[in-house]
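The model shown is predicted, which means the values in this text are computed figures rather than measured ones.
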Amino acid sequence: MMKQIESIKEFGGYLNRYTHDSDCCHCEMIFSVYLPPQALKTKVPALYWLSGLTCTDDNARTKAGMQRYAAQHGIALIFPDTSPRGVNVADNSDRYDLGKGAGFYVNSIINPWQKHYQMYDYVTKELPALIELNLPLLPGIKSISGHSMGGHGALICALKNPQSYRSVSAFSPICNPTESDWGKDCFSAYLGDDQTTWQAYDATCLIESGSKVNEILIDQGIADEFYDDGQLLPENLIEACKQNGQKINLRMQEGYDHSYHFIASFIGEHIAYHTEALKI
């Protein structure tokens, strides 16, 4: 059962916020949905947006400016949280990149994280089933996108479930987390020391092992500080795509950083890209 806790009218539609008790994450979860004006009369397709480290469902819905484009194209926007929350949920208060706000969209198999940190199943199974049952969404007609850690999440969700998503895109994704410090630290905590387990949640490794989608769209800012320090590694993904016949459009954007200013500059193009794939 989902409970609506907020509703704001925007561009003729409504930005709503909900809570529910998650069976996957064993805690109360919060998420937001933008329903475009078209949803007042008919069911609409959906674009899932996965946010990055330290974020909640609130960041993209207030900073990216995507609701204007979603209203124009008649698609719903789904904003999950990035991790489980609550006083009983495991956390590392000394780090921003592990624990709450840093779920990495994996299913943890290591204590103390295992009970609550099941974000892969939450995003790909539990949340879609819940909202398609309760909101005016076309069943199974969905695409996925995200930023940074959420870009990583979008890529792996699509590559592991190519029949479930019509299209995938990302902004500044962590493309090869098994080779980046962020990924190594969090994967070892959530998944243990067996790095073959890590590869199941790494877009570059998934493509190397034969996973494939129709196309991948990525925007990467050249002035991104995390690109400069080797956390994102888009070149590794490009090479894997080249070697395995995966179509990819990586757009390196001069002067742009890792922030929502960058996302807001190109989100309209991403919404249009997904709209084409979501046509029925």
Side-chain angles (χ1 to χ4, degrees), residues 1-7 14-35 46-62 76-93 95-137 139-158 160-161 164-165 186-187 189-192 197 200-201:
M1 182 68 67
M2 49 190 270
K3 177 183 178 182
Q4 184 174 306
I5 59 172
E6 184 181 59
S7 184
Y14 289 89
L15 179 63
N16 298 331
R17 211 173 195 190
Y18 304 91
T19 62
H20 75 109
D21 292 326
S22 169
D23 292 331
C24 282
C25 298
H26 298 99
C27 64
E28 184 179 76
M29 296 292 286
I30 190 167
F31 63 95
S32 293
V33 177
Y34 176 68
L35 293 173
L47 174 63
Y48 285 70
W49 175 269
L50 306 186
S51 291
L53 287 167
T54 75
C55 292
T56 69
D57 67 300
D58 196 40
N59 293 75
R61 72 179 199 146
T62 58
L77 301 172
I78 316 300
F79 304 99
D81 202 346
T82 55
S83 69
R85 308 279 175 175
V87 295
N88 296 319
V89 172
D91 192 22
N92 187 326
S93 59
R95 291 179 55 179
Y96 74 93
D97 57 353
L98 178 67
K100 295 176 186 178
F104 261 85
Y105 304 101
V106 304
N107 287 338
S108 176
I109 56 174
I110 302 295
N111 288 323
W113 314 101
Q114 183 175 7
K115 180 178 179 180
H116 299 288
Y117 285 76
Q118 302 295 314
M119 289 302 296
Y120 174 77
D121 277 354
Y122 179 73
V123 166
T124 60
K125 298 177 182 178
E126 184 177 20
L127 185 58
L130 177 71
I131 62 177
E132 288 180 7
L133 181 65
N134 289 281
L135 297 176
L137 302 181
I141 310 301
K142 60 185 185 292
S143 293
I144 193 164
S145 186
H147 171 232
S148 193
M149 179 187 72
H152 141 78
L155 292 174
I156 64 166
C157 287
K160 291 165 74 68
N161 303 277
S164 296
Y165 300 96
C186 288
F187 281 13
Y190 296 145
L191 302 172
T197 304
Y201 296 104

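With rounding to the nearest 0.5 Å, the separation of OG in Ser22 from CZ in Arg85 is 13.5 Å. Rounding to the nearest 0.5 angstrom, the gap separating the CG atom in Leu127 from the SG atom in Cys24 is 9.5 Å. The NZ atom of Lys3 sits 8.0 Å away from the CD atom of Glu28 when rounded to the nearest 0.5 Å. The distance from the OG1 atom of Thr54 to the CZ atom of Arg95 is 14.0 Å, given to the nearest 0.5 Å.
Shown here are the salt bridge (Lys or Arg N to Asp or Glu O under 4.0 Å) partners of Lys125, two or more places apart in sequence or in another chain: Asp121. Asp21 pairs by the salt bridge (Lys or Arg N to Asp or Glu O under 4.0 Å) definition with nothing, not counting sequence neighbours.
Taking the side chain as every heavy atom from C-beta outward, Glu6 and Tyr14 never approach each other to under 4.5 Å. A heavy-atom distance below 4.5 Å is not found between the side chains of Trp49 and Leu77. For the pair Leu155 and Tyr105, the minimum side-chain heavy-atom distance is 4.5 Å or more. Using a 4.5 Å heavy-atom threshold, the side chains of Tyr34 and Arg61 count as separate. In this structure the side chain of Ile78 reaches within 4.5 angstrom of the side chain of Leu137, judged on heavy atoms. Counting heavy atoms from C-beta outward, Asn88 and Cys27 have side chains that stay 4.5 Å or more apart. Side-chain contact check for Thr124 versus Tyr165: some heavy-atom pair is nearer than 4.5 Å. When side chains are defined from C-beta on, Leu35 counts as touching Asn16, because their heavy atoms get closer than 4.5 Å.
Taking the ring axis of Tyr201 as reference, the NZ or CZ atom of Lys160 stays within 45° of it and closer than 6.0 Å to the ring centre.
Across all non-hydrogen atoms, the minimal contact from Cys25 to Pro84 is CB-CB, 4.3 Å. What you find for Thr82 and Gly101 is that their closest heavy atoms are OG1-CA, 3.4 Å.
Tested against Ser32, the residues Asp58, Thr62, Asp57 include a single side-chain hydrogen bond (donor to acceptor under 3.5 Å, both in side chains) partner, Asp57.
Between the side chain of His116 and the backbone N or O of Ala90 there is no donor-acceptor pair closer than 3.5 Å. Remark: side-chain polar atoms of Tyr120 are not paired, donor with acceptor, to backbone N or O of Ile156 under 3.5 angstrom. The backbone N or O of Asp23 sits less than 3.5 Å from a side-chain atom of Glu126, completing a donor-acceptor pair. Proximity of a side-chain donor or acceptor of His20 to a complementary backbone N or O of Met1 within less than 3.5 Å is not detected. Not a single donor-acceptor pair under 3.5 Å links the side chain of Tyr190 to the backbone N or O of Gln118.
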Kindly list each side-chain donor-acceptor pair under 3.5 angstrom involving residues 128-136, sequence neighbours excluded, with atom names and distances?
{"residue": "Glu132", "atom": "OE1", "partner": "Gly140", "partner atom": "N", "Å": "3.3"}
{"residue": "Glu132", "atom": "OE2", "partner": "Gly140", "partner atom": "N", "Å": "3.1"}
{"residue": "Asn134", "atom": "ND2", "partner": "Leu130", "partner atom": "O", "Å": "2.8"}

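More than 12 non-hydrogen atoms from other residues, nucleotides or ligands lie less than 6.0 angstrom from CG of Asn111.
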